**Q** 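Here it is, the structure, as structure tokens.
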Amino acid sequence: MTTIVKDEIVFKEDNISGSKAVILSLLNEGSNTIFGYPGGAIMPIYDALYDYDKEIKHILTRHEQGAVHAAEAYAKVSGKTGVVFATSGPGATNLITGLANAMVDSTPIICITGQVHSHLLGFDAFQETDVVGISMPVTKWNYQITKAEEIPEVFAKAFYLARTGRPGPILIDITKDAQIENFNYTYQKVNKIPTYYPYPKIKKEAILEAAELINSSKKPLILAGQGIKNSGAEDELKILINKTGIPVATTLLGMTSFSSKHPLYFGMLGMHGNYAPNIKTNEADLIIAIGMRFDDRVTSDTKKYAKNAKVIHIDIDPSEIDKNIKTDVSIIGDAKKVIKNLIPIVNENEHKEWIEEFNKLKEYEYEKVIKIDIFPDTKRFRPAEIIHAVSEYCPKDTIVVTDVGQHQMMAARYFNYSHLNELITSGGLGTMGFGLPAAFGASVAAPNRQVVLFVGDGGFQMTIQELDTIRRSNSNIKIIMLNNSYLGMVRQWQELFNDRRYSFTTMDNPNFIKIVEAYTIKRKRITKREELKEAIKEMFATEGPYFLEAVVEKEDNVFPMVPSGASVSDIILSINDLKN
């Protein structure tokens with residue numbers, strides 16, 4: 001039953017179980033997709049779910065970590081809050097990596113865990129774990145429900161917190177007795193919480209100060225982060241850049257928030273980012289950071305970072321302001337609203353000479369690195385050329401998912417992104433094993449779009465069981481595994497900084513083709529360049545999932561690279577630069 005109270009919809013139902021209340025609360029928040037894995041402590045909720053198979057799609061993953069990574073990608077692609085079910089004890093603790101990943105990468109998900117009966121709490125009952133205590137550092141909010149009557153209010157609050165302000169993960173732990181007991185259910189969505197201000201009032205004086213710095217700057221640079229995507233500010237960013245003529249670079253998670261084809265886009269920042277934005281960071285007289293954290297992969301040594309520049313930092317999370325880089329003007333607020341306020345009061349400009357300097361460095365990097373990587377003149381079969389070749393065959397609205405490692409940086413650099421919000425990857429936590437379940441979650445969110453996953457042989461084996469989840473759904477996922485028989489990124493560091501002392505980074509791999517065959521997924525293994533074109537054609541001509549294993553050069557490296565502890569302007573383009 002629904003009623004209207006003070007212009008808000010209120011849902012009511014008398015004498016229902018806590019478990020049914022959980023399902024109704026999800027439906028009342030518009031959630032119709034759950035990733036999960038059942039167990040004893042959450043069995044009552046699964047029993048209630050049995051009656052709602054038409055209203056809610058539940059996807060049984062093969063591991064709880066797979067469920068939470070799938071929910072993360074689902075949230076990023078769909079714009080909804082991802083939902084996960086897991087049982088107590090090991091089921092709950094298996095969520096922690098995904099929660100930490102979602103926390104750092106600002107992803108709205110809600111994990112619902114079953115718990116032992118409330119009278120057993122603290123007595124080391126079977127599969128009892130203090131998941132609230134364990135998850136506290138890696139959640140935006142968490143709560144343990146011990147009475148059924150708490151469910152509506154807690155769920156309404158959880159959904160509001162997960163998706164407002166800086167998005168993030170929530171964990172709700174529900175004791176078994178709370179799932180079983182009956183109560184009179186009333187559900188009302190939350191639209192505010194005392195002392196929680198997700199959208200701070202934007203200070204007009206800060207906007208004016210920022211505009212003054214932008215208008216007087218001769219060498220400005222915009223750094224765009226994931227906050228652009230989270231706030232839906234892609235159009236506003238484009239208007240601001242077109243008007244001011246300011247060059248833009250993005251963080252890894254900010255990639256595809258701005259068109260890579262735009263003449264003022266100069267690539268990715270950071271350790272394996274593009275040459276021009278890294279070099280020019282230390283020559284800029286103004287840095288405008290929007291929705292990014294100034295993390296160490298972007299700044300490297302903060303004592304040497306952007307010393308010639310004034311810094312404007314725009315972020316919705318006040319805790320990020322002045323945390324890593326001291327700002328001259330800070331604007332706390334939603335990126336979309338802030339940029340909208342800036343656009344009318346900034347001057348039209350072109351910065352022709354400054355842009356020309358960027359273009360020269362862009363061309364220099366192309367000749368020294370990019371052209372050699374994607375069009376190699378040797379027999380070495382290289383990851384970069386494979387990624388570039390795959391991108392040439394992808395539909396324009398393809399969703400690219402990566403795992404973590406060398407292939408991740410190469411996919412960021414060498415895939416020809418043509419649409420906004422096209423890349424899903426693990427940023428701040430750098431979670432190996434993210435790729436396979438995340439590709440599935442992206443496919444669930446956008447079943448009519450092509451999903452392409454780039455994964456290494458190391459990360460692939462961390463969540464390999466999710467091949468079965470993909471098989472059962474017949475998802476249109478094309479998996480390209482770049483097999484170099486190494487933990488490539490760690491090996492690169494060992495080569496460059498530890499005299500090639502390859503300590504436990506060599507991978508003695510199984511026969512991947514036989515493993516994939518056991519999952520009845522179509523597959524192919526290639527070892528040389530001459531096989532690449534036809535393999536890609538076959539992959540995209542195949543309906544449903546496809547696994548392409550490409551055996552690549554074992555000791556290939558990702559360049560450019562900012563060595564650890566160096567300045568961003570000390571970026572190197574080859575191993576010879578390091579020796580010199």
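Quick caveat, the model's predicted, so the values are computed rather than measured.
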**Q** Side-chain contact test, heavy atoms from C-beta onward, threshold under 4.5 Å: evaluate it for Ile479 versus Val516 and give yes or no.
**A** no
**Q** If every non-hydrogen atom of Tyr37 is compared with every non-hydrogen atom of Tyr46, which pair is closest and at what distance?
**A** N-OH, 3.1 Å
**Q** Report the C-alpha separation of Val131 and Thr93 in whole Å, then their side-chain angles, then the decisive distance to 0.1 Å, and conclude whether the side chain to side chain contact (heavy atoms under 4.5 Å, CB included) test is met.
**A** CA-CA 7 Å; Val131 68; Thr93 58; 5.6 Å; no
**Q** Return the CG to CG distance between Asp315 and Asp334, rounded to the nearest 0.5 Å.
**A** 10.5 Å
**Q** Taking Gln65 for its side chain and Thr463 for its backbone only, find out whether a donor-acceptor pair lies under 3.5 Å.
**A** no
**Q** Start with the C-alpha gap between Lys140 and Asn142, add the side-chain angles, then the distance that decides, and say whether side-chain hydrogen bond (donor to acceptor under 3.5 Å, both in side chains) holds.
**A** CA-CA 7 Å; Lys140 187 175 178 181; Asn142 65 12; over 6 Å; no
**Q** Start with the C-alpha distance between Phe434 and Glu72, add both sets of side-chain angles, then the distance that settles side chain to side chain contact (heavy atoms under 4.5 Å, CB included), and finish with yes or no.
**A** CA-CA 10 Å; Phe434 174 83; Glu72 289 180 81; 4.0 Å; yes
**Q** Mind checking the CG-CG spacing from Leu436 to Leu467? Nearest 0.5 Å is all I need.
**A** 5.0 Å
**Q** For Glu153, I'd like to know if atom CD has over 12 heavy atoms of other residues, nucleotides or ligands within 6.0 Å.
**A** no
**Q** Checking side chain to side chain contact (heavy atoms under 4.5 Å, CB included) between Thr398 and each of Arg449, Gln450, His419, which is the one that passes?
**A** Gln450
**Q** Quick check: closest heavy atoms across Thr402 and Ala411, and the distance to 0.1 Å?
**A** CG2-CB, 3.8 Å
**Q** Take atom NZ of Lys522 as the centre, draw a 6.0 Å sphere, and report whether it contains more than 12 heavy atoms from other residues, nucleotides or ligands.
**A** no
**Q** For a 4.5 angstrom cut-off between non-hydrogen side-chain atoms, does Met432 reach Leu487?
**A** yes
**Q** With respect to Thr113, which candidate in Thr87, Leu95, Ile45 satisfies the side chain to side chain contact (heavy atoms under 4.5 Å, CB included) definition?
**A** Leu95
**Q** Taking the side chain as C-beta and beyond, is there a heavy-atom pair between Leu24 and Tyr187 under 4.5 Å?
**A** no
**Q** Both conditions, 6.0 Å and 45 degrees, for the charged tip of Arg471 above the ring of Tyr519: are they met here?
**A** no
**Q** Quick one: closest heavy-atom pair of Ile56 and Ser31, and the distance?
**A** CG1-O, 4.2 Å
**Q** Who pairs with Lys20 by salt bridge (Lys or Arg N to Asp or Glu O under 4.0 Å), at least two apart in sequence or on another chain?
**A** Glu13
**Q** What closest approach, in Å, do Ile332 and Pro318 show between heavy atoms, and which atom pair accounts for it?
**A** CD1-CB, 3.8 Å
**Q** Is the OH atom of Tyr546 crowded by more than 12 outside heavy atoms at less than 6.0 Å?
**A** yes
**Q** How about Asn511: does its CG atom have over 12 heavy atoms from other parts shown lying under 6.0 Å from it?
**A** yes
**Q** Suppose we screen for salt bridge (Lys or Arg N to Asp or Glu O under 4.0 Å). Which residues come up paired with Arg297, at least two apart in sequence or across chains?
**A** none
**Q** Step by step, work out the side chain to side chain contact (heavy atoms under 4.5 Å, CB included) result for Ser25 and Ile151.
**A** CA-CA 8 Å; Ser25 297; Ile151 289 171; 4.1 Å; yes
**Q** Taking the six-membered ring for Trp, are Phe440 and Phe35 parallel (under 30°), tilted (30 to 60°) or perpendicular (over 60°)?
**A** perpendicular
**Q** Any sub-3.5 Å donor-acceptor pair from Ser88's side-chain atoms to Glu128's backbone N or O?
**A** no
**Q** Look at the side chain of Thr256 and the backbone N and O of Glu422, then say whether any donor-acceptor pair between them is shorter than 3.5 Å.
**A** yes
**Q** Just verifying a value: how many Å separate Leu252 CG and Leu423 CG, rounded to the nearest 0.5 Å?
**A** 6.0 Å
**Q** Test your reading of the model: is there a side-chain donor-acceptor pair from Gln461 to the backbone of Asp457, 3.5 Å cut-off?
**A** yes
**Q** Let's go through Phe460 and Phe547 carefully: what are the C-alpha distance in whole Å and the side-chain angles of both, what is the deciding distance for ring-ring contact (aromatic ring centres under 6.0 Å, His included) to 0.1 Å, and is it a yes or a no?
**A** CA-CA 11 Å; Phe460 180 70; Phe547 175 82; 5.3 Å; yes
**Q** To the nearest 0.5 angstrom, please state how far the CD atom of Glu538 sits from the CD1 atom of Ile536.
**A** 11.5 Å
**Q** If you look at every heavy atom in Tyr199 and Thr164, which pair is closest and at what distance?
**A** OH-CA, 3.5 Å
**Q** Would you say the side chain of Phe454 lies within less than 4.5 Å of the side chain of Asp403, judging by non-hydrogen atoms?
**A** no
**Q** Evaluate side chain to side chain contact (heavy atoms under 4.5 Å, CB included) for Ser475 paired with Val451, printing each intermediate quantity in order.
**A** CA-CA 9 Å; Ser475 302; Val451 175; over 6 Å; no
**Q** Look up atom CG in Asn94 and atom OG1 in Thr61, then write down how far apart they are to the nearest 0.5 Å.
**A** 10.0 Å
**Q** Please check: side-chain N/O of Lys396 versus main-chain N/O of Tyr417, any donor-acceptor pairing under 3.5 Å?
**A** no
**Q** Suppose we screen for salt bridge (Lys or Arg N to Asp or Glu O under 4.0 Å). Which residues come up paired with Arg293, at least two apart in sequence or across chains?
**A** none
**Q** Please state whether the rings of Phe540 and Tyr393 are parallel, tilted or perpendicular, taking 30° and 60° as the class boundaries.
**A** parallel
**Q** I'd like to know if the side chain of Gln492 reaches the main chain of Val558, judged simply by a donor and an acceptor atom lying under 3.5 Å from each other, with no hydrogens or angles considered.
**A** yes
**Q** Counting only N and O atoms by type, is there a donor-acceptor contact under 3.5 Å from the side chain of His117 to the main-chain atoms of His119?
**A** no
**Q** Could you go through the side-chain hydrogen bond (donor to acceptor under 3.5 Å, both in side chains) check for Glu150 and Tyr143 one step at a time?
**A** CA-CA 10 Å; Glu150 298 178 281; Tyr143 190 86; 2.5 Å; yes
**Q** Taking the inter-plane angle between the rings of Phe183 and Tyr185 on a 0 to 90° scale, is it parallel (under 30°), tilted (30 to 60°) or perpendicular (over 60°)?
**A** perpendicular
**Q** Could you measure the distance from the CD atom of Gln115 to the CD atom of Gln144? Nearest 0.5 Å is fine.
**A** 5.5 Å
**Q** Does some side-chain heavy atom of Tyr52 sit less than 4.5 Å from a side-chain heavy atom of Asn32?
**A** no
**Q** Kindly say whether Ser118 contributes a backbone atom to a donor-acceptor pair with the side chain of Asp177 at under 3.5 angstrom?
**A** yes
**Q** Check whether Glu466 reaches the backbone of Gly433 with its side chain - one donor and one acceptor, N or O, closer than 3.5 Å.
**A** no
**Q** Just so I know, are the side chains of Glu320 and Arg166 near enough to count as touching, which here means a heavy-atom distance under 4.5 Å?
**A** yes
**Q** Does the side chain of Thr469 come within less than 4.5 Å of Leu60's, by heavy atoms?
**A** no
**Q** Show the nearest heavy-atom pair for residues Val401 and Gly435, with the distance to one decimal.
**A** CG1-O, 3.7 Å
**Q** Are any of the side-chain heavy atoms of Phe159 and Val190 separated by less than 4.5 Å?
**A** no
**Q** So, Lys147 side chain and Glu181 main chain: donor-acceptor pair closer than 3.5 Å or not?
**A** no
**Q** Return yes if a side-chain donor-acceptor contact under 3.5 Å exists between Ser319 and Asp317, otherwise no.
**A** yes
